[in-house]
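Here is how names work: the chains are called A, B, and so on, in the same order as the sequence lines, proteins then strands, and each is numbered from 1.
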Amino acid sequence: MTDTPLVIVVVGPTAVGKTKVAIQIAQQFQTEIISADSRQFYRQLQIGTAKPSPAELNLVKHHFIGNLDIEQDYNISKYEVEALQCADVLFKTHHSIVLVGGSGLYIDAFCKGIDVLPDPDLQLRSELKEKLINQGIESLRLDLKTLDPDYYATVDLANPNRIMRALEVILQTGTPYSQLRKQQKAPRSFKVCKIGLMLPREEIHDLINHRVDIMMRNGILKEAGQLFPHRHLNALNTVGYKELFSYLEGNIPLLKAKEAIKTNTRRYAKRQLTWFHKDKEIRWFSPFDLENIFNYIKEFD
RNA sequence: GGCGUCGUAGCUCAGUUGGUAGAGCAGAGGACUGAAAAUCCUUGUGUCACUGGUUCAACUCCAGUCGAUGCCA
């Protein structure tokens with residue numbers, strides 16, 4: 001063990017058991033937990049985001065759970081700043097901290113940093129969205145081709161969000177997006193030990209299906225009903241809620257909505273795995289293999 | 001028991017006027033820098049139920065068997 005502070009990162013597909021393992025690690029190393037889960041931030045999203053239970057929150061102090069209102073406009077840059085500040089404070093009294101979550105991009109922002117860009121101009125964003133709807137993606141592509149040919153050459157031209165974001169930055173800053181994307185690691189004062197939790201795909205699917213059944217029993221439908229008036233907020237473009245909104249709008253039967261939640265959660269888990277598999281710093285373990293996880297962390301430190 | 005319909009990809013089904021087959025869904029793989037539980041891309045070989053027959057050639061026609069289902073008794 002060195003004097004350099006340590007961030008113990010716990011990642012993995014949804015429902016694999018990150019919450020439990022993170023708590024056990026935090027207890028073992030006598031520290032606290034920072035969440036990196038872009039939906040557990042929102043205090044109104046209770047049942048559908050599989051937040052740690054009150055009992056679990058009692059065992060170990062968690063940060064960034066239920067700290068936002070769904071109306072709040074939030075983004076990864078704000079998270080990077082706030083989470084690093086939180087870590088700095090914790091490092092004054094702790095050698096290590098636990099960072100747990102399923103949002104790969106947020107984990108990366110914390111560990112490596114992201115490029116410095118101005119806060120998004122939401123007015124501009126909605127104008128671009130309108131242009132997409134009225135004039136189609138081709139017109140946005142043409143704009144991008146003119147304003148930033150370098151980025152145009154590498155971006156996924158089928159993905160409207162990518163193109164709109166680039167245009168948004170370019171129009172706001174007057175600088176090509178490709179020039180602003182340095183993609184250099186920001187200096188960090190801590191070491192990062194990445195633990196990936198993994199189970200055979202079939203078991204992950206079973207856990208997901210089971211968890212959705214429990215959410216239904218615990219009243220996610222009622223919660224979705226209360227949130228229904230806010231369904232257009234980004235915070236509610238979330239698996240578990242959007243399918244129930246579709247039911248509440250009368251578009252699909254409840255059983256279909258429930259199945260769609262399971263399907264979309266499975267796909268979410270798959271996307272998470274695609275992201276995390278790319279990260280070669282991650283060492284993979286079964287969520288039940290605590291002994292080896294502890295040993296690996298000690299060795300790493 | 002009689003008559004009829006059906007049996008094709010994990011599921012729902014299309015199709016082949018006889019030249020060994022294709023959609024949707026599910027699944028799989030991938031991308032990803034301020035919306036990321038978001039957004040987007042790629043991906044379909046399966047004893048065409050089984051056993052025989054006719055044919056140069058059968059998944060397709062014929063017979064039988066098995067299974068499902070409907071109607072009649």
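- Taking side-chain N and O atoms only, A/R39 has no distance below 4.0 Å to OP1 or OP2 of B/rA38.
- Of the candidates B/rC40, B/rU33, B/rA35, the closest approach to any side-chain atom of A/K129 belongs to B/rA35.
- Considering only side-chain atoms of A/W275, the nucleotide from B/rG34, B/rC40, B/rC32 that sits closest is B/rC32.
- Using a 30° and 60° split on the angle between ring planes, A/F29 and A/F294 fall in the perpendicular class, above 60°.
- Listed pair A/N237 / B/rU39 meets the phosphate criterion, a side-chain N or O lying under 4.0 Å from OP1 or OP2.
- A sub-4.0 Å separation between OP1 or OP2 of B/rA36 and a side-chain N or O of A/R165 is absent.
- A distance of about 23 Å separates the C1' atoms of B/rU65 and B/rU55, rounded to the whole Å.
- Within the 4.0 Å cut-off from OP1 or OP2 of B/rA26, not a single side-chain nitrogen or oxygen of A/K262 is found.
- Residue A/H205 places no side-chain N or O under 4.0 Å from the OP1 or OP2 atom of B/rG10.
- Panel note: side chain A/R141, backbone A/L157; a donor-acceptor pair is recorded below 3.5 Å.
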Please test A/F190 against A/D88 for side-chain contact (heavy atoms from CB on, under 4.5 Å), starting from the C-alpha separation and ending with a verdict. CA-CA 10 Å; A/F190 47 77; A/D88 277 346; 6.0 Å; no
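- For A/N234, a side-chain nitrogen or oxygen approaches OP1 or OP2 of B/rA36 to under 4.0 Å.
- Close to B/rA35, at under 4.0 Å from its OP1 or OP2, lies no side-chain N or O of A/Y106.
- Between B/rA26 and A/R266, no contact under 4.0 Å exists linking OP1 or OP2 to a side-chain N or O.
- The side chain of A/T274 places an N or O atom within less than 4.0 Å of a non-bridging phosphate oxygen (OP1 or OP2) of B/rG30.
- Comparing B/rG30 with B/rG24, their P atoms are spaced 22 Å from each other, to the whole Å.
- In this structure, the nucleotide among B/rA28, B/rA35, B/rA36 sitting nearest to the side chain of A/R162 is B/rA36.
- One interatomic measurement links the two molecules: CD1 of A/I76 to P of B/rA35, which rounds to 9 Å at whole-angstrom precision.
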